[in-house]
Undergrad: 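Quick one: this structure, given as structure tokens, is what I'll be asking you about.
For reference, positions follow the sequence shown, starting with 1. Quick note: numbers below take in every heavy atom, side chains included, and nothing from hydrogens, waters or symmetry partners.
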Amino acid sequence: MRAALLPDRGVVKVAGDEARKFLNGLVTADIGEVTPEAARYAALLTPQGKIIVDGIIAEAPVEDGGGFFIDCPRALSATLIQRLNFYKLRAKVLAEDFSQTLGVLAAWDGAGDTEHGLAYADPRLPALGRRVMLPPHLAAAAAAALGAELVDAESYEAHRIALGVPRGGVDFSYGDAYPHEIDMDQLCGVDFDKGCYVGQEVVSRIEHRARARTRIVPVAYDAFAPDVGVAVMAGDREVGIMGSAAAGRGLAMLRLDRVGEALAAGTPLSAGGLAIRLVKPSWARFPFPGEAPTAA
């Protein structure tokens, strides 16, 4: 088992008598399903359905003070607090930024637990392992309790990329992507049966249309990695943008219809002049470019 402290992650706490109801009316996941044993992946959207911030929402046990803790991008913790306070009105909730005192440890490739912080399984994919919110100076002790080797954050990044899981700020831009485009519908980040939340109408329309034209898709490359942000080309036609890459695997935001047309025509894909090829992840349930459509 390996573990890494993730320097890009922050922590926001939301507590109060109405905290569960408050969050449930804002984010894409069903907060009624969040317990101290089960976290949920979710996003706060604009009214137009685009992602302001995404994160993993965990609940602390009552004996530890209770409340909901949001594992979110550290760079957006202040933005998240601002948005929560904007929607708070008279709700009996308190939103606080704990990013200066708490960090997030990820642990994968094994099974273990620790009492050094708030531990929870990553709800996106079992292969992503567990996460722990804790004071950063306890990272080594938590890794030891988990039976894990403490490694650098780049090792976790390579693991995440190999699994095909997007990361905001690298694989997509906040404020400019819909949940389907970053595969939240595939990675347990959207509950389509819950009540209303901000941006729900747009997300539901994309779901009922049964096809998102653009998605982040795993790719593979040989030798040198394409740079983040370079155009993905099919011949001389731009079909997407390259995201993060490590150890021969990467992620790219692609127009699926254009990529499908290119593959059907035998046109190879490239990014920054380097050849890339699609890799279908095990979790993908959407029609994948290059595959024959299944019968209804």
Undergrad: Charged N to carboxylate O under 4.0 angstrom, Glu181 versus Arg213?
TA: no

Undergrad: When you measure from the side chain of Arg131 to the backbone N and O of Leu105, does any donor-acceptor pair fall under 3.5 Å?
TA: no

Undergrad: Would you kindly say whether Asp191 and Tyr197 are connected by a side-chain donor-acceptor distance under 3.5 Å?
TA: no

Undergrad: Can you tell whether the side chains of Arg258 and Glu261 come within less than 4.0 Å, N to carboxylate O?
TA: no

Undergrad: Tell me whether Asp17 is salt-bridged to Lys92, with the criterion being a basic N under 4.0 Å from an acidic carboxylate O.
TA: no

Undergrad: List the steps, then state whether side-chain hydrogen bond (donor to acceptor under 3.5 Å, both in side chains) holds for Arg130 with Thr114.
TA: CA-CA 10 Å; Arg130 295 183 67 76; Thr114 177; over 6 Å; no

Undergrad: Measuring only between side-chain heavy atoms, which start at C-beta, is Val198 closer than 4.5 Å to Pro47?
TA: yes

Undergrad: Is Arg277 close enough and on-axis enough to Tyr221, meaning under 6.0 Å and within 45°, for cation-pi?
TA: no

Undergrad: Run the salt bridge (charged side-chain N to carboxylate O under 4.0 Å, His left out) test against Glu201 and tell me which residues pass, sequence neighbours left out.
TA: Arg205

Undergrad: Under a single-linkage rule joining Ile, Leu, Val, Met, Phe, Trp and Tyr whose side-chain heavy atoms are separated by less than 4.5 Å, which residues share a cluster with Ile206?
TA: Tyr178, Val202

Undergrad: Does any N or O in the side chain of Arg74 come within less than 3.5 Å of the main-chain N or O of Ser99, such that one atom is a donor and the other an acceptor?
TA: yes

Undergrad: Are Arg124 and Tyr41 in a cation-pi setup, meaning NZ or CZ lies under 6.0 angstrom from the ring centre and within 45 degrees of the ring axis?
TA: yes

Undergrad: Would you give the length of the straight line joining atom CG of Leu125 to atom CH2 of Trp108, rounded to the nearest 0.5 angstrom?
TA: 14.5 Å

Undergrad: Any donor-acceptor pair under 3.5 Å linking the side chain of Arg20 with the backbone of Ile31?
TA: yes

Undergrad: Sequence neighbours excluded, which residues qualify as ring pair (Phe, Tyr, Trp, His ring centres under 6.0 Å) partners of His116?
TA: none

Undergrad: Considering only NZ, NE, NH1 and NH2 on the basic side and carboxylate oxygens on the acidic side, decide whether Arg167 and Asp8 come within less than 4.0 Å.
TA: yes

Undergrad: Are any of the side-chain nitrogens in Asp183 or Arg285 under 4.0 Å away from the carboxylate oxygens of its partner?
TA: no

